[in-house]
Protein chains: 2
Amino acid sequence: MIVPATPSAATPLAEAAIVGVDWGTTQRRVVALDARGEVLRELADDQGMLAASGRFAASLAAVLRSIGPLAANAPVVLSGMVGSAQGWHDVPYLDCSVSLHDLGARLFRVPDAPDAVDCSIVPGYRWQGVDGAVDVMRGEETQLFGAIALGARDGWFVLPGTHSKWVRLRDGRIERFATYMTGELFALLSRYGTLASVLRDAVDDDAAFARGLRAAARGALSNSLFGCRAKVVTGALAAASARDYLSGVLIGSEWHDALARRAGDGVPLRVIGTASLARRYARAGAVLGFDVITMDARAVQLAALSALQTSIGLRSVNRL
Amino acid sequence: MIVPATPSAATPLAEAAIVGVDWGTTQRRVVALDARGEVLRELADDQGMLAASGRFAASLAAVLRSIGPLAANAPVVLSGMVGSAQGWHDVPYLDCSVSLHDLGARLFRVPDAPDAVDCSIVPGYRWQGVDGAVDVMRGEETQLFGAIALGARDGWFVLPGTHSKWVRLRDGRIERFATYMTGELFALLSRYGTLASVLRDAVDDDAAFARGLRAAARGALSNSLFGCRAKVVTGALAAASARDYLSGVLIGSEWHDALARRAGDGVPLRVIGTASLARRYARAGAVLGFDVITMDARAVQLAALSALQTSIGLRSVNRL
């Protein structure tokens with residue numbers, strides 16, 4: 001948990017020009033920026049959507065008190081699962097025909113915000129493919145908006161995590177995207193079932209990660225997953241290396257699938273993630289022969305907030 | 001649990017000529033046959049490998065008392081995970097160059113069986129592919145041995161379950177096989193994580209199963225799995241149908257992978273399973289354009305025991 005700067009009687013806290021809340025299923029990250037986009041204060045807690053369920057307004061009021069003073073009319077922008085059917089308000093998905101450039105004009109105004117705060121939820125996106133294929137995102141669109149604000153508006157964007165996204169942007173428009181349950185499967189398999197016992201007491205093993213990446217090219221994921229166990233019981237893989245092998249299999253499955261869909265595309269591939277995840281994806285790219293540009297997830301989120309503040313500010317001016 | 005026939009003072013119990021124990025990770029099935037291979041008595045309990053760990057001899061002694069009298073020198077044959085590193089004895093895997101025809105001569109004699117019973121463990125098989133691919137089975141080899149005893153010694157054999165096996169037999173020899181973590185993933189995803197909540201209150205939906213089967217052809221499993229959730233939250237799939245859709249995705253992933261590996265093979269495809277699982281795989285075959293021959297798992301297991309009794313009997317005769 002990142003604690004807010006301690007208030008001091010000598011130096012009154014600067015008022016925030018915008019507060020962003022990345023409100024996910026289990027975690028919540030809050031940041032207060034000044035008018036120039038500089039971070040004044042930030043905090044993180046475990047009051048995610050599930051924990052705050054049924055008392056979102058009170059939960060937001062409490063966290064706003066913690067994050068310190070807001071300037072008059074300073075917007076509060078929420079993104080992530082808080083806008084889902086299980087969240088505070090079920091904000092309809094945008095269709096991918098709506099450019100990310102227009103995201104600031106498509107925010108959902110929260111009608112029951114505490115203390116009459118100017119509070120909005122960023123809508124997610126829905127992609128519709130052929131044969132009834134469909135995919136959804138909530139939260140990642142805000143990061144992509146931030147990437148665009150930083151000048152990256154074309155190419156493939158990978159947002160690794162519980163539900164990894166591979167997104168093809170063309171001049172700020174989402175052309176297509178695909179979600180992979182990579183992080184969730186890793187967590188489930190590490191905790192329960194056949195593989196869990198061999199994944200304990202793991203050591204870092206880049207070579208095992210690379211082997212897993214390559215094994216994932218050979219066929220079905222459910223077969224490669226069992227292969228991890230088969231390798232350990234036959235002595236072909238040290239149990240301590242099984243965690244990195246499994247990580248390679250899961251991330252590799254994502255890469256091989258995504259590469260098959262973008263064959264010959266030849267555009268830049270950017271990973272938006274925390275340092276450790278971005279490094280892992282960059283290593284996967286190196287093993288599979290692709291250069292990866294990494295973008296820090298926090299920097300992208302801050303850029304998104306700054307850019308949203310500008311568009312919300314413009315909206316307010318137009319209202320006058 | 002199948003209870004043994006009630007002993008009666010009027011009619012003394014017939015002595016068993018062989019007892020088979022299918023001793024898996026969590027379940028145990030025991031059957032006593034007469035010399036003609038007819039079932040005298042059977043039972044099932046939850047004293048699998050994990051529950052019996054550290055006291056296998058006592059656990060076997062107890063279950064033999066329950067199953068009733070054995071003829072003098074009647075063999076007791078154990079198969080499944082009881083022969084693994086976490087089981088009673090770590091019985092080495094056979095290489096696939098050893099024909100299943102020779103399985104009866106390769107049993108592992110248990111040195112510490114209770115009451116000097118003639119007790120053996122059936123060894124599993126290890127398959128070694130190119131590029132370091134490796135796979136293992138324990139228990140399924142006994143079923144395949146039974147299928148051969150019933151005259152089926154060529155073609156593809158599917159043994160669905162927690163860890164589904166697709167096995168290519170050629171004249172009783174295992175040419176190759178692949179394991180898919182299908183049942184385990186279904187169980188994990190039904191119980192934990194993002195999909196669990198939408199899988200409750202399910203109804204039977206053959207059409208959703210078929211949709212899942214076809215969706216699995218499109219790409220990575222971790223993407224199709226998230227697709228199940230995306231379809232529900234966008235209204236493209238009723239939540240009550242998500243369980244059969246997920247089942248289709250998981251089983252379909254197995255089928256598409258196995259079919260890619262056996263393209264143009266044109267040999268019979270047999271499913272060895274319980275009635276409900278065999279029906280599900282037969283339906284998958286019908287959707288994907290393949291005829292499936294189903295073999296009942298219990299009938300195959302009984303045939304294996306009868307055939308093992310003959311080979312163990314021959315071994316005893318040779319010893320005289």
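The structure displayed is predicted, hence computed values, not measured ones. Below, each value reflects all heavy atoms present in this structure, side chains not excepted, and no hydrogens, waters or symmetry copies. Throughout, protein chains are lettered first and strands after them, A, B, ... in sequence-line order, and every chain is numbered starting at 1.
- Contacts with chain A were tallied for B:A236, B:A216, B:A133; B:A133 has the most, counting heavy-atom pairs under 4.5 Å.
- For A:A85, no part sits under 4.5 Å from any heavy atom of chain B, backbone or side chain.
- A 4.5 Å side-chain heavy-atom check between B:V167 and B:L144 finds at least one atom pair inside the cut-off.
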Taking donor and acceptor roles from the modelled atom types, list the N and O pairs under 3.5 Å across chain B and chain A.
from	atom 1	to	atom 2	distance (Å)
B:G132	O	A:K231	NZ	3.0
B:H163	NE2	A:T194	OG1	3.3
B:T179	O	A:N223	ND2	2.7
B:M181	N	A:S222	O	3.0
B:E184	OE1	A:T194	OG1	2.3
B:E184	OE2	A:T194	N	2.8
B:E184	OE2	A:T194	OG1	3.4
B:T194	N	A:E184	OE2	2.8
B:T194	OG1	A:H163	NE2	3.3
B:T194	OG1	A:E184	OE1	2.4
B:T194	OG1	A:E184	OE2	3.4
B:A220	N	A:D257	OD1	2.8
B:S222	O	A:M181	N	3.0
B:N223	OD1	A:R261	NH2	2.9
B:N223	ND2	A:T179	O	2.7
B:K231	NZ	A:G132	O	3.1
B:D257	OD1	A:A220	N	2.8
B:R261	NH2	A:N223	OD1	2.9

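- When heavy atoms are compared at a cutoff of 4.5 Å, B:A215 does not approach chain A at all.
- Side-chain atoms of A:I121 and A:L107, non-hydrogen and from C-beta on, never get closer than 4.5 Å to each other.
- In this structure, B:V122 and B:F108 have side chains that are not in contact, with every pair of non-hydrogen atoms separated by 4.5 Å or more.
- Looking at A:A187, there are no atoms closer than 4.5 Å to chain B (heavy atoms on both sides), in backbone or side chain.
- Within the 4.5 Å cutoff, side-chain heavy atoms of B:L169 are placed close to those of B:L100.
- The nearest pair of heavy atoms linking A:L199 to A:L189 is CD1-O, 3.7 Å.
- Looking only at side-chain heavy atoms (C-beta outward), B:F157 and B:L269 stay at 4.5 Å or farther from each other.
- Proximity of A:I251 to A:F209: side-chain heavy atoms (C-beta onward) are separated by under 4.5 Å at one or more points.
- Residues B:V198 and B:L237 are not in side-chain contact: their nearest non-hydrogen atoms beyond the backbone lie 4.5 Å or more apart.
- With a 4.5 angstrom heavy-atom cutoff, A:L225 touches chain B via backbone and side-chain atoms both.
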